[in-house]
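I have placed the structure first, in the form of structure tokens, so that the comments after it can refer back to it.
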Amino acid sequence: VNHVVVVGAGLAGLRTVEALRGRGFDGRITLMGEERHRPYDRPPLSKAVLKGDADTSFVDTDLDALEVDFWPGVSAKSLRAGVVETTEGELGYDGLVIATGAEPIRLPGDGLQHVLRTLDDAHELRAVLVPGARVAIIGAGWIGAEVATAARRAGCEVTVIESAPAPLTTAVGAEIGARTVPWYDGIDLRLGAMVDAVDEGGVRLVGGEFVEAHVVVTGIGVRPAVGWLADADIDLHNGVVTDEHLRASLPGTVAVGDCAAWWSRRWGTRLRVEHWDTALNAPDVAAATLLGEEAVYDPVPYFWSEQFGHMIQYAGHHPAGERLVHRGEPEGKWSAVWLTADDTLAAVLAVDRPRDLVQGRRIIDAGHRLDAERLVDPQVPLRDC
Ligand code: FAD
């Protein structure tokens, strides 16, 4: 391989550049990204940046030392074998990294909708979260809950509109989500409410009710940013389809991060995980694959969220579980574990209980079984269950 082109200058793209150099690749690397910024971390956008505790979250890296041609503000428009067409013309490659991440889904309507994906989005939103502002947040998922946390703290009047029966339902199910409802103290939480459209001055619900708002934030999820690959000869299905080596169907091509749907050996299914840990760690495998080395990406997926003064951490893949067991009462620090039919640990979700997370992640990795009777006692460490 002589020239590697990395499309997408987020964390996954940057880490792939670092991993290529770390593995001794001394050919040419071009890193292009649609945003004008150098690579930055997104988790702080809905936390420190939105609260005003930080203005930026740039990744600590030295692009000069990496000897990478960095092209900020340049988008890939289409792909054919060996050539990326960009907004600055055609660029040939013999190794390609697809790291274009994901983009927020918007709702119909003519009213202004804020989304929170980029540093610029975070600055725009922060500027309007002022005391007394009526803020309607659509979606009580990870982003919605974190934005609600910041908006309430900023002294806004907050309404959260969620179509499911509980927050976080899509991500971890209504039973877990219901435990977070009391956290929405002082917030008008509308559950089971469907949005029809975002209009001037607020949000129109199905059924006709109008929720007035100065600021509307849409946090209903993202989709993989693969529109530019629509006409390319590459398998797409819920993102870029890859094998367990992160190799895409087009020769010389790998995909990493939020846009990649990789084959998980561990779970025997295809996974696309929109979380920071994947963008951090998958690139080393992708770089190895591109350089013809043998490597497999087979993690126990992990993520966290900070909302309403609580730290939620999750590891595993709960759809593989059959039974949910709670540890601890919802008023305090608690966690929940999903067990498979034979009591193997499939996933753990910990609220302010970091030890359960750390131990649970190791147990999942090792494939150990747990004793459900002991599990329900939150005093018994997970590793002793
Ligand atoms: P991205 O970060 O999306 O980077 C992709 C880049 O590619 C973007 O800069 C995009 O502009 C660019 N691009 C797209 N299309 C093109 C194109 N055609 N040409 C050129 N460039 C293109 N995860 C957690 O685990 N915990 C958290 O607490 C957490 N908080 C989050 C908070 C926010 C507000 C957001 C948005 C995400 C959060 N995440 C969190 C998720 C995590 O940040 C993502 O999983 C991670 O950023 C994915 O990295 P990526 O490099 O794959 O994609």
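Just follow the structure's listing: the first ligand is 1, and inside any ligand the first atom is 1. Quick note: numbers below take in every heavy atom, side chains included, and nothing from hydrogens, waters or symmetry partners.
Which of Leu116, Leu45, Leu31, Thr86 comes nearest to atom 36 (C) of ligand 1 through a heavy atom is settled by distance: it is Leu116.
Listed by number with element, the atoms of ligand 1 under 4.0 angstrom from any heavy atom of Ala279 are 48 (C), 49 (O).
At a heavy-atom cutoff of 4.0 Å, ligand 1 is contacted by both the backbone and the side chain of Phe303. Residue contacts with ligand 1, taken as heavy atom pairs separated by less than 4.0 Å, involve Ala102 solely via the backbone atoms N, CA, C and O. Contacts between Lys47 and ligand 1, counted as non-hydrogen atom pairs separated by less than 4.0 Å, involve the side chain only. For Glu274, every heavy-atom contact with ligand 1 shorter than 4.0 Å involves the backbone, none the side chain. Residue contacts with ligand 1, taken as heavy atom pairs separated by less than 4.0 Å, do not involve Trp142 at all. Within the 4.0 Å heavy-atom criterion, neither part of Ala122 lies near ligand 1.
The closest approach between a heavy atom of Val74 and any atom of ligand 1 is below 4.0 Å. For the pair Glu103 and ligand 1, no heavy-atom separation below 4.0 Å is found.
Between Ser75 and ligand 1, not a single N/O pair is under 3.5 Å apart. Between Ala76 and ligand 1, a contact under 3.5 Å exists for at least one N or O pair. Taking distance alone, with nitrogen or oxygen atoms compared against 3.5 Å, Asp258 approaches ligand 1 more closely than that limit.
A salt bridge is defined here as a Lys NZ or Arg NE, NH1 or NH2 lying under 4.0 Å from an Asp or Glu carboxylate O, and Glu306 with Lys47 fails to meet this definition. Using a cutoff of 4.0 Å between basic side-chain nitrogens and carboxylate oxygens, Arg204 and Asp196 are scored as salt-bridged. Glu35 has a carboxylate O that lies under 4.0 Å from a charged side-chain N of Arg42, or vice versa, which qualifies the two as a salt bridge.
The single protein non-hydrogen atom nearest to atom 31 (C) of ligand 1 is Pro43 CA, 3.5 Å, given as residue, atom name and distance.
Taking the centre and axis of the six-membered ring of Phe70, the NZ or CZ atom of Arg38 falls outside the cone set by 45° and 6.0 Å. Geometrically, Arg272 does not engage Trp262 in a cation-pi contact, judged by NZ or CZ lying under 6.0 Å from the ring centre and within 45° of the ring axis.
Using modelled atom types, no side-chain atom of Asp384 and backbone atom of Val380 make a donor-acceptor pair closer than 3.5 Å.
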Check against ring-ring contact (aromatic ring centres under 6.0 Å, His included), Tyr314 and Tyr302: CA-CA 6 Å; Tyr314 173 102; Tyr302 162 75; 8.9 Å; no
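Between the side chains of Glu88 and Thr86, no donor-acceptor pair of N or O atoms lies under 3.5 Å.
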